[in-house]
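So the structure is just underneath, and the comments pick up after that.
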Amino acid sequence: EKGGWDSFMDKEIHEDPAAVQRTLLGRLDKHGDINLDEVRIEPHDFKAIDKIIVIACGTAAYAGMVAKYAIEHWVRIPVEVELAHEFRYRDPILTPRTLVVAISQSGETMDTLMALRHAREQGSKVLAICNTQGASIPRESDAVLYTHAGPEVAVASTKAFVAQITAAYVLGLYLAQVKGAMFRDEIQSTLDSLKAMPRKIQWILDTQAKAVQKAAEQMVNAKSFLFLGRHVGYPVAMEGALKLKEIAYTFTEGFAAGELKHGPIALVDEGEPIVFIVPPARGRNVLHAKVISGIEEVKARGAFIIAVAEEGDPDVERYADVVFWRPKAPTLMSPLVDVVPLQLFAMDMAKLKGYDVDKPRNLAKSVTVE
Ligand code: F6R
């Protein structure tokens with residue numbers, strides 16, 4: 001069943017490119033426009049949507065956070081992302097024009113299911129982004145957009161994450177299409193960038209795995225890690241931190257790089273490993289410069305810098321102790337590649353420590369209790 005891999009996690013990380021590709025498949029018509037007839041929400045209802053609230057837990061919530069940056073930019077409507085268990089017990093402001101998007105790999109997460117019931121009771125439409133056909137969450141939703149990542153067996157979510165981002169991006173671009181929020185050629189070129197991502201993920205798997213393994217060997221005894229990113233790199237940092245704590249049982253903290261000076265920099269000590277997600281040096285280079293200055297600050301305090309950065313970034317070459325390179329990709333597409341070395345890193349660390357990467361202690365694949 002593992003098809004030659006020594007763990008499901010290994011196999012599933014190597015299915016990241018296929019997960020993105022299959023999730024895009026069949027969602028474009030012969031003119032290259034997005035067709036979401038399958039979700040059974042009428043285009044005019046979609047057109048009326050003026051706010052999105054994503055409800056999810058764990059990795060699925062980080063996928064939602066990534067999508068927030070993209071959808072707000074493309075569609076110009078507010079997108080909130082809320083942990084399902086928090087949403088459920090407050091008094092959220094929902095209107096019939098609010099679209100609630102429940103993201104769940106298993107489709108059985110009780111916290112997310114309860115939150116979606118809470119939203120529907122108040123008259124909002126719920127669209128599920130789910131990887132499991134016929135599970136409770138898609139069954140109880142008004143509409144479903146399936147991720148076609150294939151069954152995910154390892155407890156730590158990997159290929160489902162990239163598939164969830166892809167599905168949420170398709171949804172966002174569809175909304176931009178029906179609302180006329182973007183020009184047709186802008187939508188087309190964004191879709192082209194998305195279609196190019198499986199090949200870029202494959203490049204990471206083919207060329208960066210050795211560097212990741214070496215880094216894991218070098219850092220296997222580290223007591224803690226910090227993960228930092230800005231913009232879409234922020235949820236990627238959170239996800240990288242979650243992977244490492246889940247399966248390698250290493251204490252990690254992920255946060256927005258801009259927060260460093262507001263407190264966390266006090267944690268930085270000689271040799272502290274800090275993972276930075278570095279945005280592309282082109283285009284949004286304000287962000288790039290900010291992240292680099294964060295690297296300089298912690299480097300001056302003796303931190304050990306691990307960077308995920310675009311090929312050939314000269315600033316990163318200057319400061320980082322270890323680099324996992326990514327091929328050039330637009331900022332909004334970069335999470336699909338940046339998460340991959342972090343998935344591999346967590347897996348390699350766990351294996352080096354002799355842990356069962358597929359079945360970490362204390363965790364279940366789907367959390368069916370509140
Ligand atoms: C992380 C992980 C969990 C799940 C979370 C939601 O690797 O597996 O954080 O992402 O429990 O699960 P689903 O997506 O099944 O609702």
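Remember, it's 1-based here, ligands and their atoms both numbered in the order they're listed. A quick note: this is a predicted structure, and the numbers were derived from the prediction, not measured.
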Check: Phe227 ring centroid to Phe345 ring centroid under 6.0 Å
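Centroid distance Phe227-Phe345: not below 6.0 Å, so no.
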Counting non-hydrogen protein atoms only, what is the nearest one to atom 11 (O) of ligand 1? Give residue, atom name and distance.
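The answer is Val367 CG2, 4.3 Å.
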Quick one: nearest non-hydrogen protein atom to atom 14 (O) of ligand 1, plus distance?
Gln105 N, 2.6 Å
Using a 4.0 Å heavy-atom cut-off, say whether Glu246 meets ligand 1 through its side chain, its backbone, both or neither.
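The answer is the side chain of Glu246.
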Counting only heavy atoms, which portion of Glu108 has something under 4.0 Å from ligand 1: side chain, backbone, both, or neither?
neither
Going by heavy-atom distance to [atom], choose the closest among [options].
| atom | options | answer |
| --- | --- | --- |
| atom 1 (C) of ligand 1 | Thr59, Asp111, Val155 | Thr59 |
| atom 12 (O) of ligand 1 | Thr368, Ile55, Thr109 | Thr109 |
| atom 6 (C) of ligand 1 | Ala56, Ser106, Cys57 | Cys57 |

In ligand 1, which numbered atoms sit nearer than 4.0 Å to a non-hydrogen atom of [X]?
| X | result |
| --- | --- |
| Gly58 | 9 (O) |
| Ser104 | 13 (P), 14 (O), 15 (O), 16 (O) |
| Ala156 | 7 (O) |

Charged N-O contact under 4.0 Å between Glu80 and Lys51:
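Salt bridge: yes.
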Could you check whether Lys11 pairs with Glu1 (Lys NZ or Arg NE/NH1/NH2 to Asp/Glu carboxylate O, under 4.0 Å)?
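Not counted as a salt bridge, because no side-chain N and carboxylate O are separated by less than 4.0 Å.
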Is the shortest N/O to N/O distance between Lys243 and ligand 1 below 3.5 Å?
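Looking only at distances, the answer is yes, because the N/O contact criterion of under 3.5 Å is met.
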Smallest heavy-atom separation, Gly254 atom then Met238 atom, equals O-SD, 3.0 Å
Side chain to side chain, His118 and Pro92, heavy atoms closer than 4.5 Å
yes
Heavy-atom contact under 4.0 Å between Thr132 and ligand 1?
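Per 4.0 Å heavy-atom rule, Thr132 does not contact ligand 1.
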Should Tyr319 and Phe276 be marked as a ring-ring contact (aromatic ring centres under 6.0 Å, His included) after you check the CA-CA gap, both sets of side-chain angles, and the distance that decides it?
CA-CA 11 Å; Tyr319 297 117; Phe276 279 90; over 10 Å; no
How many angstroms lie between CG in Asp338 and CD in Gln343, if you round to the nearest 0.5 Å?
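With rounding to 0.5 Å, CG (Asp338) is 11.0 Å from CD (Gln343).
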How about Lys47: does its NZ atom have over 12 heavy atoms from other parts shown lying under 6.0 Å from it?
no
